[in-house]
Each structure stands twice: as structure tokens, then as C-alpha cells.
Amino acid sequence: MRRVVQVGVALWVACGLMGDATAQPATSSESPLKTSQRISLDLKGVDILDVLKLLSQQSGLNFIAGRNVSGRVTIFVNDVDVWEAFELLIGANDLAYEQQGDIVTVMTARDYELIYGEKFQERKETFTQTLQYAKVAQAATVLNQIKSAVGRVVADEATNTLIITDVPARLAEMRELVAQLDRPTETRVYNLNYANAEKLKESVQGLLSPIGTFTFDARTNKVIVSDLKEGLPRIDQLLRAFDSPEGQVLIEAKIVKVDLTNEMDLGIDWQQVLSGVDTTARGNFRVLSDIVGGSATGVALKLLTAPRGNTQVIIEALKKITRTDTLSNPRLMVSNNQEARILVGTREAVVTVTTTVPATGSTVSSPEIQYVDVGTKLYVTPNIKHDGHIQIKIRPEVSSSTVETFQTNRIPIVSSTEAETNVLVKSGSTLIIGGLIETKDTRTDNRVPILGDIPVLGIPFRGSTDIKKKTELVVFLTPQIVLPDGTPSTDPAAALRDSLPPAYRQAVRQRLQDHLASQFLSLSLPKGSVVVSFVLNRDGRFVGSQEVTSPEGEPFVTAATVALAQAQPFPPFPSETPADEVRFRLAVDYAP
């Protein structure tokens, strides 16, 4: 039943607030706080007691007004539940109420606080729930974030029980949240092959639900994840993405010392060198940049790239111009983002002595030996890109030493020339680095035997010659991406995306062939062939549509389409497969 009451001030005086004798109360089966009556009110300056009487007549609710309840109210509502109208009236006029069974006692907010010791707006209820699946400590952490200022959450871990006290509106929200949290969880164990379990903790916890847990075993590098079932696929995807094998880089270096002639006072003239190379080979080289860096003042790094195998072409061209000497030709494997270090030289020992005078007065000397690397050094840090390129951080250095003595200690004085740069090259290309110039002054003594050794008189028979020699260090660097299985690759991303074991591919082919043969046989089709192309996800199900072609026409295409639908799902991908989706293209011949 629905009643609409619209009463103005004059109408209230004339009618004496007489209610409709036919008004029906709420049914006894309903809670006193829920009525089936809706009402519209248009009241201005009406006594609060009269309004309560009207609401009681319209809804069947029983109101008792306290002695301090007085005043006039104004309320305009349209088509609302009677109880909602009552609560609006209470909230707007600093009133309170207490419900006991079917009786609702209305009082002022001050009287409510004096009787119950708390403000009406902060009235609290208590809810107790024993959790079956979620851990009470984790649930309490979440609930404490949404409780009101007067709310309280108690976690009894012994019985896994929550005790929640809060205002009714907030308590209802918290009860719904508890129901969502207290659901069955699933636990999965992941064996990580490449990623570090401890370093993944922060990334995984960001995807867990409030009751999810992440633990790991550092000894076996295993991860244990417990969470709601619907959240685990995201964890699977993240762990697969991080636990993928990184390629390595095979670095082939050739370090060549080149004598600089008078015409090469500023370093090697690469235009002259390349002019000695035939036109076809010359087109393979590309000057990237001229870079000045480190302490190589006035000297540039000339960076050129060329396909692998052209290193010897450049060296032969250099030999036609000047003398060359190959100092080192190392080959080493380095993991992605790790530094490789090449040294061609010596380690100079430096002895330092620490002297201490203890309280006894006797002097104690403690010698310590430190080593300094002197010679040609090359530091290379590769970073593999997914398009087959390598970002290389290169720091070549040339150092030399002169020895001085101080209080019988041998002290090497090291002078060095170095530069540092970053360059992007394609896997398998050769990077040529030049510009590290070293100048040495040498003096040669010439004398006539016996006569040149005579003091004063032997001066005409002896002499010396000063020679200044300049050399430039040229580094030929060839980085090659090597996949975890040892296979060189210029496109590591493509190889990793399709890294399914041959046994799995054979299982897919065999399953498909069986279904195709059965379907062709049931339709009594003649000899023929089909080519099918499709994409499978990790669960062995199709992604997108399938392509089927056959030179025998529509009957074979239709039969193969049906066979594909019957063959899925295929077996799931092996757990160690990093790919989420893999394309298959199979040709099948049929002969009845």
C-alpha cells in the first residue's frame, strides 16, 4: 500500500491532523525498520510531535517521544519509505532514537548521550565472525583501513575470529568485505630457473589480494603463492615474464696497435684507410660519430660498424699504410647487463708501509701490497634489445707507468688515456674504435767503443738521438647474441617466443592428424591435403580464428575446420616455456 500526504500549514490547522482510519500498518512479518509504505511530505513549521503522529498513522510504527522532544520542523520529501523519512527528520533536528522490539523511542541527542554514554551519531554495533579460509590477522589489516574513527577491530588468532564494533552503516560495509575476503584460496609452488625469488617479492605482492601471501625459499629458489583463484593467472603471467632466460653476448675483440706516421699526427685517417678497400666492402662500413671523452683530450673515437668478417679487410688496409701489431685477440662470453673486462698489460705492485707506535713504545711496521693494472684495458657492458640490437657501453683505456723510489719503496707513476661511450649495434656487426693515442719519447745513445768512453776527449766519438714515437690503439669489437641453448641469434625475441620443445610440437601434430583422418574417413573423402594455421595459448586453446586451405576445395576445408574444433584443447604448454602464445602451421596429407 502506498500513501501520499501533502499538507500545508493551513491544512494542518483546519484538519486537526486527523489521519486516515483505513491506513494499514506494516505486516507483522516485516522488521519494524522496514515498511512497505512510501510517503510524500510537504511540511513547513509543523510541530515535531504532530509529524511523528502522522508517520505512525501512515506506517503503523510505534513512536514514543521523550519529554525534551519539542520544536517545529520543516521537511519536503517525495515518494520515500516512511522509515527513511523518519531518519531524515531525526538527523536534521539533532534528535536520536532507540528501538526495542516494535517500539521506537525518540529523544534529543543530548539525552541519548547521557543515557548510553556515547553520541547518537557514533552509536555502535558489534559483529563477530569466525573465518574459515582467510587468516584473521590479514583480514584485520584490511578492515582497519576502512573502519570509522569510533570503530574497532579485534583479531583473535587462536580461534581465527574477528570481532568488529562500528557504526551501523560502516559495519554493514565491513560485513560485506569480510564475506569477500573469507573465500577459499589456492596455493601454487613455482620453481624459478633464472629469476631471483627474493627480488620478485615486491613485484608479486603488488598483484596479490589483501589475503594473498608470498613466501620463498632462498636455498631452492622456489616461490610459494597463496591467493584467491581468480588472481593467480596474473601471478603466473608475471612470474613467467621475469623467469625467462636472458641471452648472452659473445664478444670477439681484436686489439691492434698502429704506428702513426708524420702524416697521421692527429690519428688514423679513416677516409684514407677505407679508400684502400674495394667499393663493395666499403659500402658495408658506416661512420657513426666522432666522440671526445674521458682523458683523451684532443683525440676522437671513430666508430664504424660493418658485418662480421670484414675485420680482416680493415686490418689489411691499415697494413698498406703503416705498421700494425696485434696485441690481443680475446673471445669471451658475458651475460646480459654484466661487465666484461679485458686487460693486456701488467699488474704493478705498490708497497705501502703503515707504522704504528703502541703504548709500549716499540714501533710496529706493517707492509701492505697493492696492485695497479697498467697496459691496455677494455670494459664492455652489453644490453640486449628485443629487436636483435645490442646497446654497448664501452670504456677503452691505455695506461703506462714510470717508476720512482721513495725511502726504498718502489712507486709506479701511472698515466692513462681513456674514453667512454654508448653505442647501439646490430648483433654480429663489427664495431671499430680508434683514437686512443700514446706518445713515447725515447733516447738512443751512440758511441765509438773505447774512444767514446774517454772523458772530455771522447766527446766527438759519442752522441744521442731523441725519437718521438706515436701509436694509436684500434679496437675491433664484434658482439654476437647467443641464446641460452648456445645458438647464435640476431633476433632473440623471436626465438624465445617460439621456444616450444620438439616433443610438444609432435604431440600437437599427432593429435591433429588423428582427428583429421577420422573426419575425412567419416565423410568418405578421396586423397587430398590441407594446410592449417592457428595460434595456441598456454592452456592449449585456440586464440583467434583458424586458417584452413586445401587444393581439393571446400569439402576438405569444411572437414578440417570440424576436426580442429574437435581436437582442442591441446595439451598445455610445458611449464618452462616462456611464450604465452605460439603459432602453428601444419601441412597434412590424407590417403584413404
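- Judged purely by atom type and a 3.5 angstrom limit, Ser550 has no side-chain atom pairing as donor or acceptor with the backbone of Phe556.
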>> For a side-chain contact (heavy atoms from CB on, under 4.5 Å) check, start with the C-alpha distance between Val582 and Tyr504, then their side-chain angles and the critical distance, and finish with the verdict.
In response: CA-CA 12 Å; Val582 173; Tyr504 180 87; over 6 Å; no
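- Contact of the Thr185 side chain with the Thr213 side chain is not registered, since no non-hydrogen atoms from C-beta on lie closer than 4.5 Å.
- Taking the side chain as every heavy atom from C-beta outward, Arg505 and Phe584 approach each other to under 4.5 Å.
- Here the side chain of Asn160 pairs a donor or acceptor atom with the backbone of Val136 at under 3.5 angstrom.
- Using modelled atom types, one side-chain atom of Asp182 and one backbone atom of Tyr133 make a donor-acceptor pair closer than 3.5 Å.
- No donor-acceptor pair under 3.5 Å is formed between the side chain of Asp539 and the backbone N or O of Arg541.
- Here the side chains of Val223 and Val204 are not in contact, with every heavy-atom distance at 4.5 Å or above.
- Sparse packing is recorded around CD of Gln237, with 12 or fewer heavy atoms of other residues, nucleotides or ligands lying under 6.0 Å away.
- Classified by interplanar angle (parallel below 30°, tilted 30° to 60°, perpendicular above 60°), the ring pair Phe534/Phe542 is perpendicular.
- Annotation for Glu157: atom CD does not count as buried by contact number, only 12 or fewer foreign heavy atoms lying within 6.0 Å.
- For the pair Leu177/Val142, a side-chain contact is recorded, criterion being any heavy-atom separation below 4.5 Å from C-beta on.
- Between Leu378 and Val475, the shortest heavy-atom contact is CD2-CG1, 3.7 Å.
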>> Under the criterion side-chain contact (heavy atoms from CB on, under 4.5 Å), I'd like the reasoning laid out for Gln546 against Val532: C-alpha separation, chi angles, the key distance, then a yes or no.
In response: CA-CA 7 Å; Gln546 302 82 51; Val532 294; over 6 Å; no
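- Between Leu250 and Thr478 there is no side-chain heavy-atom pair separated by less than 4.5 Å.
- With rounding to the nearest 0.5 Å, the separation of CG in Leu162 from CG in Leu181 is 9.0 Å.
- Under 4.0 Å is where a charged nitrogen must lie from a carboxylate oxygen, and between Glu186 and Arg188 at least one such pair does.
- By the neighbour-count criterion of 12 heavy atoms within 6.0 Å, atom CD of Gln391 is densely surrounded, having more than that number from other residues, nucleotides or ligands.
- Side chain of Thr322 to backbone of Leu318: no donor-acceptor contact under 3.5 angstrom is found.
- A donor-acceptor contact closer than 3.5 angstrom links the side chains of Asp227 and Ser209.
- Counting only distance, with no hydrogens or angles, the side chain of Ser518 and the backbone of Asp514 share no donor-acceptor pair below 3.5 Å.
- A 4.5 Å side-chain heavy-atom check between Phe573 and Leu536 finds at least one atom pair inside the cut-off.
- A salt bridge does not link Asp236 to Arg538: none of the charged side-chain nitrogens sits closer than 4.0 Å to a carboxylate oxygen.
- Arg331 pairs in a side-chain contact (heavy atoms from CB on, under 4.5 Å) with only one of the listed residues (Glu252, Gln480, Lys254), which is Glu252.
- Of the possible donor and acceptor atoms, none in the side chain of Asp217 sits under 3.5 Å from a partner among the backbone N and O of Lys222.
- A donor-acceptor pair under 3.5 Å is formed between the side chain of Arg511 and the backbone N or O of Ala567.
- Between atom CG of residue Leu516 and atom OG of residue Ser529 there is a gap of 11.0 Å, rounded to the nearest 0.5 Å.
- Side-chain contact between Leu208 and Ile235: present, with at least one pair of heavy atoms (C-beta onward) separated by less than 4.5 Å.
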> Going through the checks in order, is the side-chain contact (heavy atoms from CB on, under 4.5 Å) test met by Val530 and Val557?
Replying inline: CA-CA 7 Å; Val530 293; Val557 172; 6.0 Å; no
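- A donor-acceptor distance shorter than 3.5 angstrom exists from the side chain of Arg234 to the backbone of Leu207, with no hydrogens or angles considered.
- The NZ atom of Lys257 sits 8.0 Å away from the CG atom of Asp259 when rounded to the nearest 0.5 Å.
- Side chain of Asn336 to main chain of Lys385: no donor-acceptor pair is present (N/O by atom type, distance under 3.5 Å, no hydrogens or angles).
- To the nearest 0.5 Å, the span separating CG on Asn196 from CZ on Phe242 amounts to 12.0 Å.
- To the nearest 0.5 Å, atoms CG (Asn329) and CD1 (Ile342) are separated by 9.5 Å.
- Ile394 is listed as a side-chain neighbour of Leu431, based on a closest heavy-atom distance under 4.5 Å.
- Summarising the geometry, atom CD1 belonging to Ile390 is positioned 8.0 Å from atom CD1 belonging to Ile251; distances are rounded to the nearest 0.5 Å.
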